[in-house]
Amino acid sequence: MDLPQQDRDFEIVLWGATGYTGRLVAERLAGQPETAALRWALAGRDATRLTQLRAELAATAPHLRELPILVGDAGDERSLEAIVRRTRVVCTTVGPYARHGSGLVAACVRASTHYCDLAGELPWIRRMIDAHHEAARAGGTRIVHCCGFDSIPSDLGVWMLHDAMRQRGTRLQRVDAWFGESSGGFSGGSFASVLELLDEAQRDPSVQPLLEDPYALDPAPRGGPDGPDPVGIAWEPRLGCWTAPFVMAAINTRVVRRSNAVAGHPYGREFRYRERMALPGGRLGLPAAIAVAGGLALTQRAARHAWLRRPFERWLPKPGEGPTPEQRARGFFVTRLLAEGEGGVTLHGRVEDRRDPGYGSTAVMLSESALCLARDPLSTPGGVLTPASALGGALLARLRAAGMTWVVEADGG
Ligand SMILES: NC(=O)c1ccc[n+]([C@@H]2O[C@H](COP(=O)([O-])OP(=O)(O)OC[C@H]3O[C@@H](n4cnc5c(N)ncnc54)[C@H](OP(=O)(O)O)[C@@H]3O)[C@@H](O)[C@H]2O)c1
């Protein structure tokens, strides 16, 4: 018998705390004034490494000397059950999620434990929707994927513009988003997740059509006005720059569209969303756009063939490895969004952070998503959701308070 959420031992269990990103999330939770009174626990598969991590956290936050430690294994269903029953929220960085994540999601849905992760593996998220959305909705359990750099700037950026349009008495028709102004690194776990996805696409012929479906994460019947992701380069007169395909659009655009669909189309059934990479507008812009578009197309083709990519894999960071603290300190990103609404209203959005997008900013976004699930009075229903459809304005307020920039400006000001 599962305890009601308010009676559980913990508000948050951080699953995968000893991994590269898990550690950053642990450090963030340990360092926040709000979390001084948080009931939380570190969880993972190795008690010794968890104890070592706790000692490191306690060196700067002595109140964490007795922080509880929970041990389990992603492949051991009983251990997962025992962990998820004790907490209101599980926050997980154990990836690749397609390899290690399914049992945890199932256990959370069974125990009515809210859940957030950093998954960007679209076919796996589709499987979690198909397997658990109805049960999670019935139990009021929020299962929230994609709570990192993919896909919060896109998903919550659009939600922010939708809210701003609503306040002006009108409704969104279309949003374009541009990424590109950024500096950041990659970790072994992120590469492992991409390779897992590529292997799956090679094994299973149903995966490639799913990846190409712009509404791949929508409820049935799937479809809408957006076509396939635009390929090639283009001049963007509204920004005065060249654009090229953006690699993360493949997940971000599907998440934004699911946010609309799963919440009953608050952005409208004819809402359109597109995401591109912006390059400089000067003389270097055109060759840079050609290089990005050509490089991406070649890499995507070559990566589909294991024999072509295997020789390069040995140079990639291994699980547990990632950018150094010095590299992370140089990180930043700026995402620009342009919204068109009914009645010719145009709004500009900007999402910006002075941290490494995939790790510094992601640790902030994931930890705030977990805190939001654990502590904020949310009125959204349960289900297999997206950051915007589950957490919306409550998460936006938290991310602003955490030092990220989320602004909306009217045209010309
Ligand atoms: N969306 C984004 O913006 C974003 C950003 C960053 C990361 N990510 C994703 O986050 C995930 C983690 O990345 P990372 O670089 O932090 O990976 P990592 O360093 O390899 O960490 C993976 C974690 O999983 C744990 N683990 C592995 N097998 C396990 C098992 N059988 N049972 C329990 N725990 C197990 C590892 O435990 P040990 O510590 O004991 O080895 C480690 O804690 C990846 O899927 C990555 O794609 C996404």
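This structure is a prediction, so every number in the text was calculated from the model and none was measured. Both counts, for ligands and for their atoms, begin at 1 and track the order of listing.
Near G16, the atoms of ligand 1 lying under 4.0 angstrom from a non-hydrogen atom of the residue are 43 (O). Atoms of ligand 1 found under 4.0 Å from any heavy atom of W15, numbered from 1 in the order shown, are 33 (C). In the vicinity of V94, heavy-atom distances shorter than 4.0 Å reach the ligand 1 atoms 24 (O), 25 (C), 26 (N), 34 (N), 35 (C). Proximity to D150 (heavy-atom distance under 4.0 Å) selects the following atoms of ligand 1: 1 (N), 2 (C), 3 (O). Using a 4.0 Å cut-off to heavy atoms of T21, the atoms of ligand 1 that qualify are 6 (C), 7 (C), 13 (O), 14 (P), 15 (O), 16 (O). Near G19, meaning under 4.0 Å from one of its heavy atoms, ligand 1 places the atoms 19 (O), 21 (O), 39 (O), 42 (C), 43 (O). Listed by atom number, the atoms of ligand 1 under 4.0 Å from G320 heavy atoms are 18 (P), 19 (O), 20 (O). For ligand 1 and T362, the ligand atoms under 4.0 Å from any heavy atom of the residue are 3 (O), 5 (C).
Counting all heavy atoms, side chain and backbone alike, R254 lies closest to L211 at NH2-O, 3.0 Å.
For R65, the CZ atom sits in a loose shell: 12 or fewer heavy atoms of surrounding residues, nucleotides or ligands are nearer than 6.0 Å.
When heavy-atom distances to ligand 1 are checked against a 4.0 Å cut-off, S193 comes that close only through its side chain, counted from C-beta outward.
Between R336 and E236 there is no salt bridge, since no side-chain nitrogen of the basic residue lies less than 4.0 Å from a carboxylate oxygen of the acidic one. Salt bridge status for R166 with D163: present, with a side-chain N to carboxylate O gap under 4.0 Å. Taking the charged nitrogens against the carboxylate oxygens, D9 and R86 do have a contact shorter than 4.0 Å, which makes a salt bridge. Under 4.0 Å is where a charged nitrogen must lie from a carboxylate oxygen, and between R272 and D226 no such pair does.
When only non-hydrogen protein atoms are considered, atom 12 (C) of ligand 1 lies nearest to T93 O, 3.2 Å. Of the protein's non-hydrogen atoms, S187 OG, 2.5 Å is the one closest to atom 15 (O) of ligand 1. The protein non-hydrogen atom at the shortest distance from atom 31 (N) of ligand 1 is D73 OD1, 3.2 Å. At the shortest separation from atom 19 (O) of ligand 1 among protein heavy atoms lies Y20 N, 2.8 Å. Distance from atom 39 (O) of ligand 1 to its nearest protein heavy atom, with residue and atom name: T18 OG1, 2.6 Å. Looking from atom 17 (O) of ligand 1 to the surrounding protein, the closest heavy atom is G189 CA, 3.3 Å. Regarding atom 32 (N) of ligand 1, its nearest protein heavy-atom neighbour is A74 N, 2.9 Å. Among all protein heavy atoms, the one lying closest to atom 5 (C) of ligand 1 is G358 O, 3.1 Å.
Residue R45 holds the heavy atom nearest to atom 41 (O) of ligand 1 of all those in E121, R23, R45.
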_For a side chain to side chain donor-acceptor pair (under 3.5 Å) check, start with the C-alpha distance between R258 and T386, then their side-chain angles and the critical distance, and finish with the verdict._
CA-CA 7 Å; R258 179 167 177 77; T386 58; over 6 Å; no

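Taking the six-membered ring for Trp and thresholds of 30 and 60 degrees, Y115 and H145 have ring planes more than 60 degrees apart, a perpendicular arrangement. Ring-plane geometry between Y267 and F271 is classed as perpendicular, the angle between the planes exceeding 60 degrees on a 0 to 90 degree scale with a lower cut at 30. The aromatic rings of W235 and W242 sit perpendicular, their planes meeting at an angle over 60°, well past the 30° parallel limit.
In this structure, G120 does not count as a contact residue of ligand 1, since none of its heavy atoms falls inside 4.0 Å of the ligand. The closest approach between any non-hydrogen atom of G44 and ligand 1 is not below 4.0 Å.
Backbone and side-chain nitrogen or oxygen atoms of G72 are examined, and none is located within less than 3.5 angstrom of a nitrogen or oxygen of ligand 1. On a distance-only criterion, G188 and ligand 1 share no N/O pair closer than 3.5 Å. Between R49 and ligand 1, at least one pair of N/O atoms sits closer than 3.5 Å.
Partner of L217 under the side chain to side chain contact (heavy atoms under 4.5 Å, CB included) criterion, chosen from T253, V256, I129, L210: I129.
Of the N and O atoms on the side chains of T87 and W40, not one donor lies less than 3.5 Å from an acceptor on the other residue.
Close placement of the F191 and F186 rings is indicated, their centers lying within 6.0 Å of each other.
Taking the centre and axis of the six-membered ring of Y215, the NZ or CZ atom of R257 falls inside the cone set by 45° and 6.0 Å.
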